[in-house]
Peer 1: 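Here it is: the structure, laid out below.
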There are 2 protein chains.
Amino acid sequence: MKIDRGGPAAAKSGKRERLVAAASRVLHEQGVEKTTLADIARVADVPVGNVYYYFKTKDQLVEAAIEAHAQGLRAVTAHLDQLPSPQERLKALLGGWTEQRELAARYGCPFGTLSSELGKRTDGLDHATAAVMRLLVDWVEQQFRTMGRDDPHDLAITLVATYQGISLLTNTFRDPELMTSQIHRLEEWIDSLA
Amino acid sequence: MKIDRGGPAAAKSGKRERLVAAASRVLHEQGVEKTTLADIARVADVPVGNVYYYFKTKDQLVEAAIEAHAQGLRAVTAHLDQLPSPQERLKALLGGWTEQRELAARYGCPFGTLSSELGKRTDGLDHATAAVMRLLVDWVEQQFRTMGRDDPHDLAITLVATYQGISLLTNTFRDPELMTSQIHRLEEWIDSLA
DNA sequence: GTCTATAATTAGATAGAC
DNA sequence: GTCTATCTAATTATAGAC
């Protein structure tokens, strides 16, 4: 059964999907405000003015990119849930972040920088990013709860905040090894909690 | 002796200073790309087109705001250096961040969000923010070195990254108490290192 | 030396052609 | 249903008035 994503007559051409994928990438590389619809349309190989056939406003395209992040996150956690122990699940999550360290060094965390920029707003997109961040924190919290900790929420905030902060410094100093060494500290911290 | 800040004939009117102060505030509240020169000029109470008398480009005004952050940071650390022990100095730094939690909840860390946005660039402003972040990391590192730790750099990165990450989550979730509770964890961590 | 009117560009958005 | 030519508004920047 085909999912209707609200776009006019969900075409087979896949242009809507290309636009969302392009938006996700370009918004990460350039930031929301710096990015123009022309930038996204070029990467998606869609005529500029044509974008408005699929999205009524630029913000709706940004919102679709945020929802794509949510979907990607759900896919990742569903995959990690196959692992036998919460410690292994958390470490696998950290391992994925370490693998992305070169991207983080160049452009920061794909979702964190988006959240940083949209966090200044009060127009709904700020809530949309918060909802995705909540997905991540809730999943991590569940792992700590399964480990028998009585302060799973605090621990989850600590883990996610640490990753976000490391991403910022890794990007600011253009040094991917900061991610490697600090994630390593997080791994040892997880072991110390077990 | 008067400091010449490079502006044309450093006027007594104080407009340049007002522009830099307004830029620092508005860039924090709105972000760099979203902010127009008109926004800054309005807050500084300076005619819009007049801005170009003091700064050749928008980027030069942003750079002046970054330098203002550097000056502010130097003033803060000089003040903290009056305290007798490195532990007290670090905790006083954390205390200052806790006091700013409402501002962080609304707009994020004044310098971190700037760094996040400029970190995507490669035009010099990215290096300017990195230099200011380096000032902070170096000062923190010196405190851990004075405490006799053999891994002062890693510890400094951990502390600054944790604060930056907490700031992001505090802003994303609009919850100042996240700052309070996580800074408390950092204080206990500092005690555990002594 | 100080400031303002205005140019040049580019953005997001739409009416309407195919 | 799909797409393009074009509009309006807003932005950075400058030429030149005071």
Side-chain angles (χ1 to χ4, degrees), chain A residues 2-20 22-24 26-27 29-66 114 117-118 120-121 123-125, chain B residues 2-20 22-24 26-27 29-66 114 117-118 120-121 123-125:
Chain A
K2 202 150 193 317
I3 297 169
D4 179 62
R5 290 198 166 72
K12 308 114 180 91
S13 59
K15 287 192 180 178
R16 192 181 192 282
E17 287 70 19
R18 292 214 307 278
L19 281 170
V20 174
S24 195
V26 179
L27 291 176
E29 293 177 357
Q30 304 189 342
V32 177
E33 295 297 336
K34 181 75 178 294
T35 297
T36 68
L37 292 174
D39 292 333
I40 297 171
R42 193 183 323 116
V43 171
D45 198 31
V46 169
V48 197
N50 197 348
V51 173
Y52 284 90
Y53 175 59
Y54 298 96
F55 300 93
K56 277 202 279 284
T57 63
K58 179 183 175 181
D59 278 0
Q60 283 197 4
L61 181 46
V62 174
E63 191 172 14
I66 294 169
L114 192 63
E117 204 173 345
L118 297 178
K120 297 179 185 300
R121 296 203 193 182
D123 59 0
L125 288 184
Chain B
K2 205 153 192 312
I3 296 169
D4 180 62
R5 289 199 168 73
K12 309 116 179 89
S13 59
K15 287 191 180 178
R16 192 180 193 281
E17 287 71 18
R18 292 214 307 278
L19 281 169
V20 174
S24 195
V26 179
L27 291 177
E29 294 179 354
Q30 305 190 340
V32 177
E33 296 296 338
K34 181 75 179 295
T35 297
T36 68
L37 292 175
D39 293 333
I40 297 171
R42 192 183 325 115
V43 172
D45 197 32
V46 169
V48 197
N50 196 349
V51 172
Y52 285 89
Y53 174 59
Y54 298 96
F55 300 93
K56 276 203 279 283
T57 64
K58 179 184 175 180
D59 279 0
Q60 282 196 3
L61 180 47
V62 174
E63 191 173 12
I66 294 169
L114 191 64
E117 204 173 346
L118 296 178
K120 297 178 185 301
R121 297 203 191 181
D123 60 359
L125 288 184

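Letters A, B, ... mirror the listed sequences (proteins, then strands); counts begin at 1. It should be emphasised that the depicted structure is a prediction, and the values quoted were computed from it without experimental measurement.
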Peer 1: In whole angstrom, what separates B/Phe55's CZ from C/dT2's C1'?
Peer 2: 15 Å

Peer 1: As a quick check of understanding, evaluate side chain to side chain contact (heavy atoms under 4.5 Å, CB included) for A/Asp59 and A/Arg121, giving each step before the final call.
Peer 2: CA-CA 12 Å; A/Asp59 278 0; A/Arg121 296 203 193 182; 3.3 Å; yes

Peer 1: Nearest 0.5 angstrom please: B/Leu27 CG to B/Ile40 CD1, how far?
Peer 2: 5.0 Å

Peer 1: Can you tell me how far CG of B/Leu61 sits from CG of B/Leu37, rounded to the nearest 0.5 angstrom?
Peer 2: 6.5 Å

Peer 1: Would you kindly give the CD1-to-P distance between A/Ile40 and C/dA13, to the nearest whole Å?
Peer 2: 12 Å

Peer 1: Quantify the bending of the helix from C/dG1-D/dC18 to C/dC18-D/dG1 as the angle between its end axes, each fitted on five pairs, to 10°.
Peer 2: 0°

Peer 1: At what distance, to the nearest 0.5 angstrom, does CD of A/Glu33 lie from CD of B/Glu117?
Peer 2: 8.0 Å

Peer 1: If you take all heavy atoms of B/Lys58 and B/Val32, which pair is closest and at what distance?
Peer 2: NZ-O, 3.1 Å

Peer 1: What's the CD-C1' distance between B/Gln30 and D/dA10, to the nearest Å?
Peer 2: 14 Å

Peer 1: Look up atom CD in B/Gln30 and atom OG1 in B/Thr36, then write down how far apart they are to the nearest 0.5 Å.
Peer 2: 7.0 Å

Peer 1: How many whole angstroms separate atom CG of A/Asp39 from atom P of C/dT10?
Peer 2: 12 Å

Peer 1: Hey, could you give me the CG/CD1 distance between B/Leu114 and B/Ile66, rounded to the nearest 0.5 Å?
Peer 2: 5.0 Å

Peer 1: Any chance you could list the contact pattern along nucleotides 12-18 of chain D? Use B for base contacts, S for sugar-phosphate-only contacts and - for none, protein heavy atoms under 4.0 Å, 5' to 3'.
Peer 2: SBB----

Peer 1: Could you check how far CZ of A/Arg16 sits from C1' of D/dG1, rounded to whole Å?
Peer 2: 16 Å

Peer 1: Looking at every non-hydrogen atom in both residues, tell me the closest pair between B/Tyr54 and B/Arg16 and how far apart they are.
Peer 2: CD2-CB, 4.0 Å

